J.: 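Sending over a structure as structure tokens; questions will come in a sec.
Computed from a predicted model, the values in this text were never measured in an experiment. So you know, we letter chains A, B, ... as the sequences are listed, proteins then strands, and number each from 1.
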There are 2 protein chains.
Amino acid sequence: MADITTCPPLTRESVRAAHERIKPYIHLTPVLTNRTLDDIASTPQSAEALRSTQFEGEEPASPKIRFFFKCENLQRVGAFKVRGAFHALTRLREVKGREGLKKGVITHSSGNHAQALSLAARTFRIPAHIVMPTISTPSKIAATRSYGAHIHFSGSTSSEREAAVATVLASDAQGATLVPPYDHPDIMLGQGTMALELEAQVHGLLVERRVHAELQGQTPVAAAEKEEDVGSGALDAVITPCGGGGMLSGVATALAGTGTKIFGAEPEFEGADDAKRGVERRERIESVKSLTIADGLRTPLGVHTWEVISDEEKVQGLYSVSEEQIKAAMRLVLERMKVVVEPSAVVGLAVCLFNEEFRKMVETEAGDEGWNVGVVLSGGNTTVDAISKLFGADASEKEKERQEGVMSMGGGKVAENIAG
Amino acid sequence: MADITTCPPLTRESVRAAHERIKPYIHLTPVLTNRTLDDIASTPQSAEALRSTQFEGEEPASPKIRFFFKCENLQRVGAFKVRGAFHALTRLREVKGREGLKKGVITHSSGNHAQALSLAARTFRIPAHIVMPTISTPSKIAATRSYGAHIHFSGSTSSEREAAVATVLASDAQGATLVPPYDHPDIMLGQGTMALELEAQVHGLLVERRVHAELQGQTPVAAAEKEEDVGSGALDAVITPCGGGGMLSGVATALAGTGTKIFGAEPEFEGADDAKRGVERRERIESVKSLTIADGLRTPLGVHTWEVISDEEKVQGLYSVSEEQIKAAMRLVLERMKVVVEPSAVVGLAVCLFNEEFRKMVETEAGDEGWNVGVVLSGGNTTVDAISKLFGADASEKEKERQEGVMSMGGGKVAENIAG
């Protein structure tokens, strides 16, 4: 990775510069809106849903939320990770020159970062060495190999993976540069670029809505009513999934000082909510051993991402959700928005729909006018087999009943998808 | 329905007029492209895939295909049917006046037409009466009811359904106007509007590609190389699913005289390929009893749609695919394009990928330059439960192996989604 001393500062301006660097290589992913999901989010949860929680017996929160979904599941390689990977390589090329980069790059990952780095390396015509656990699913190994990467196998613990990287660096990949999946300023700045796009796209959609409402002689939506509300403050909040924290810290950096509030979402299963717990105790949690279905979020925060995420000026809150809530959100996105998402991608939506603490906060802060909330759908790399396993006949009946409860909340309202 | 004598002629100009009428009510759905699917389509099938077919032992066809997917699965109510429904109602309002329409509309449908007509009626503030078979899935009944329709139940045969419509018209729905799902010029013209959008969107994408290729100093894609190829002839062919034929006949009408070739795709299972068989014997087949997984395509052509579809000046060919091929195409769209489609929606793609007769024809007609093929993804109304049933553990192992064969064809190439 580019030497840390050469890195641009973690500022909005640096994210802008990162965006200019990577624009030729990435897709400007669409922003979708969906009235059904807005309605579900803006309807109080049932008393039943709050049973056995700290909110049992309280009046359920009644926030007003308008969603803007940033579809990074439609990004190249099916996930936001290409932003960081391409930024890392463009920066490395600037710092090391073409010659210094010709030995290629190396990383250990079994997920979206592996594919993203492989694509970026192929684009730059340099080798990519990817260390993957032997137990990785064949489809992920095949996908990574399809981008022309050299695959090296390792055990699955982090020490085994790191040892394998050292071995490969000393043999096949001498002179290759390590590109970590999230804990580096260049990666964070790269991931942050999605926030600049989201901000501009939401602005455009709100202007369209206002014009449309005026043409129809109807009352415009509250947030678009006044000209100034359609300015940079139009995006009231953004929530992103948080695993290693590259995306959340990048988005927080991109939008720092704009007035947009930034939130992170984590699975609570088996302690995968390490960022939230770390911030509460004011100390980074360095190890996570969770097998949450949100498999992209099983990692702890890194040193650099922790610096940003634990800064309450930059990230205003962290919230977690259960495995059932993640599945319910995933079902809604597939069935109502008609786009394919992996479980990790919907954790932010799940917080907005089901985390009562978050919902109470929005009700209090946003009041009657409500909030325009940007929700990052971070990736779509799943398979019909995985979907079948998650939702098939052997998924518990209880889950199904719960889902039906959730779905019925959308009754009486129109299902709509608006492509941005 | 508007009296047939008042209907505009079935011309491109009439489709343009229909588009102006319905534009305020529908989404301009995106057109997606996908390099992986282009690569799969442009790679010959394996000898194995052709075993036990009439093409066994022949050299597999090697067509060159660039896809442009018109995403009507992202349309309002999740399917193209809103186009015809809104056109029918705007035309009825013109012909009958507001007063003449105040008793509302009636139809029998358990599918997307029911939801589309209910939404259109609600938008026009008139009642919608929907006759549905008692055995309809609860989720479809609930969805239709959620648009404010009055649901009436019937038996599931077509004579039982028609009898129920007569009963309802004589009681609850006196004075209501029948809006059939496909066999009426106003419906056909409405569905045809998607073709005008697709034509313009493909033109825009091809211009972008050419500009991009020139900026990069690369060889532009063949079809965009010459300025004239980016004109109206840039869309070489369009293929749509064909059930009752409303969409196929509308698209054929919209593009008549433009040089774009029009093809229809059907499931072959249990005789659902009635349009193809009818055209072969030069006589409309009036009854179909198929339980194909493509449940939107279980109906025979109507009288009006037959007129267009059997005209070889307007529709250049009809092709059919197996249930397994439909599932394989559905898997590819979900996993590679990351959008949710129902089985009926992917029948056109399945023809392009797996129908050897179609592929040989493209190879011959398109030559080295290949074809830009518009493929209509007609709807996305499925559920994770239905996906699980189709692809879950109890789906046969043979199917799975077949799929893996298909998937491996994409190896070595880049997976990409480009939002249009």
J.: Quick check against the 3.5 Å criterion: does A:Lys338 have a side-chain atom that pairs as donor or acceptor with the backbone of B:Asn73?
T.: no
J.: Do A:Leu74 and B:Met337 come close enough that some side-chain heavy atom pair is under 4.5 Å?
T.: no
J.: How close do B:Asp385 and A:Arg331 get, heavy atom to heavy atom, and via which atoms?
T.: OD2-NH1, 3.1 Å
J.: Using a cut-off of under 4.5 Å on heavy-atom pairs, state which of B:Val384, B:Val339, B:Thr383 scores highest against chain A.
T.: B:Val384
J.: With rounding to the nearest 0.5 angstrom, report the CG to CD1 distance, B:Leu334 to A:Ile387.
T.: 5.5 Å
